[in-house]
Amino acid sequence: MIAASKDAAPANSVDALHALILHQLDEDQAQETISIPLAGKSSIADHMVIASGRSTRHVSAIADKLAQRIKQETGRSVRIEGLPNADWVLIDSGDVIVHLFRPEVRSFYNLERMWSFGDAPPVAAVN
C-alpha cells in the first residue's frame, strides 16, 4: 500500500500521490494509462494521468474508487467533473490531474498529443 506521509517533503508527497494514483488505476484495470509530466509546461499540476475504462460504468467505478482511495490515503479531497455521464471524468487532486475516458472519447480529444506537445503517439481509434 502506497501512502503519502503527512511529514513528507512537498516533492515527496507529490511523488507518493502520483504513485498511489498509478497503482490504483492499475488495480482497477484502467487501460492505456499514461502519465505526462507537466513541470515546466504548465502550472496547473505536476502530473497529468490519462487512462481509459471499457465502458461508462467502468469509468465511473474507477473514478469513484480513485477519489475514495486518495481521500483515505492522503486526507485530500478531490474535485470530480463529468461523473454523471462518465464519458470523460476529470479528477483534480491538486498536484496530479487524472482524465478517465471511454476509448472513443479519448481518441476524439487526444489529450496526449496536445499536452505532450507532439511527444506522445496518437491514441488508436477503437472500432
Side-chain angles (χ1 to χ4, degrees):
M1 177 179 294
I2 301 169
S5 169
K6 293 178 181 160
D7 299 325
N12 291 339
S13 65
V14 171
D15 292 342
L17 175 62
H18 184 240
L20 169 70
I21 288 169
L22 293 176
H23 175 76
Q24 189 61 48
L25 290 172
D26 185 54
E27 287 290 311
D28 292 335
Q29 300 179 358
Q31 300 174 333
E32 298 182 38
T33 301
I34 67 159
S35 180
I36 300 171
L38 296 181
K41 293 182 182 180
S42 177
S43 61
I44 62 171
D46 291 336
H47 299 279
M48 178 181 298
V49 176
I50 303 171
S52 298
R54 294 181 302 273
S55 64
T56 55
R57 182 172 277 188
H58 189 216
V59 169
S60 178
I62 293 170
D64 280 336
K65 181 82 179 268
L66 183 58
Q68 290 172 9
R69 184 75 186 273
I70 292 169
K71 177 70 172 173
Q72 174 188 359
E73 296 293 326
T74 69
R76 295 181 185 210
S77 293
V78 298
R79 183 177 172 103
I80 301 177
E81 300 289 337
L83 196 54
N85 292 333
D87 286 330
W88 176 359
V89 177
L90 178 129
I91 302 168
D92 184 353
S93 65
D95 298 316
V96 181
I97 295 173
V98 181
H99 294 273
L100 300 172
F101 290 98
R102 278 189 313 105
E104 301 83 10
V105 178
R106 181 176 180 175
S107 179
F108 180 79
Y109 287 103
N110 200 2
L111 292 184
E112 293 92 333
R113 171 82 67 191
M114 180 173 62
W115 279 98
S116 63
F117 301 101
D119 298 338
V123 176
V126 177
N127 293 330

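The first residue of the sequence shown is numbered 1, and numbering continues consecutively from there.
Going from atom CD1 of Ile91 over to atom CG of Leu83 covers 8.0 Å, rounded to the nearest 0.5 Å. Rounding to the nearest 0.5 Å places CG of Leu20 at 12.5 Å from CG of Asp15. A distance of 11.5 Å separates CG of Asp95 from CD1 of Ile44, quoted to the nearest 0.5 Å. Rounding to the nearest 0.5 Å places OG of Ser35 at 5.5 Å from CG of Leu22. Of the inter-residue distances, the one linking Ile50 atom CD1 with Asn110 atom CG reads 8.5 Å to the nearest 0.5 angstrom. Taking CD1 from Ile21 and CD1 from Ile70, the interatomic distance works out to 4.0 Å, rounded to the nearest 0.5 Å.
Partners of Ala67 by side-chain contact (heavy atoms from CB on, under 4.5 Å), not counting sequence neighbours, listed by chain and number: Val78, Ile80. Remark: Asp87 pairs with Arg102 by the salt bridge (Lys or Arg N to Asp or Glu O under 4.0 Å) rule, at least two apart or across chains. With sequence neighbours left out, Lys65 forms a side-chain contact (heavy atoms from CB on, under 4.5 Å) with Gln24, Asp28. By the ring pair (Phe, Tyr, Trp, His ring centres under 6.0 Å) test, Tyr109 is found to be paired with Trp88, residues two or more places apart in sequence or in another chain being considered. Partners of Arg79 under the side-chain contact (heavy atoms from CB on, under 4.5 Å) rule, at least two apart in sequence or in another chain, are Glu81, Asp92. The ring pair (Phe, Tyr, Trp, His ring centres under 6.0 Å) check on His58 picks up nothing, with sequence neighbours excluded.
Looking at every heavy atom in both residues, Ala51 comes nearest to Thr33 through CB-OG1, 3.5 Å. When every heavy atom of Ala86 is checked against every heavy atom of Thr56, the shortest pair comes out as CB-O, 3.4 Å. Summarising the geometry of Val59 relative to Phe101, their closest heavy-atom pair is CG2-O, 3.5 Å, with the distance given to 0.1 Å.
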Self-check item: side chain to side chain contact (heavy atoms under 4.5 Å, CB included) between Arg106 and His99, intermediate numbers included
Solution: CA-CA 9 Å; Arg106 181 176 180 175; His99 294 273; over 6 Å; no
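Within the 4.5 Å cutoff, side-chain heavy atoms of His18 are placed close to those of Val49.
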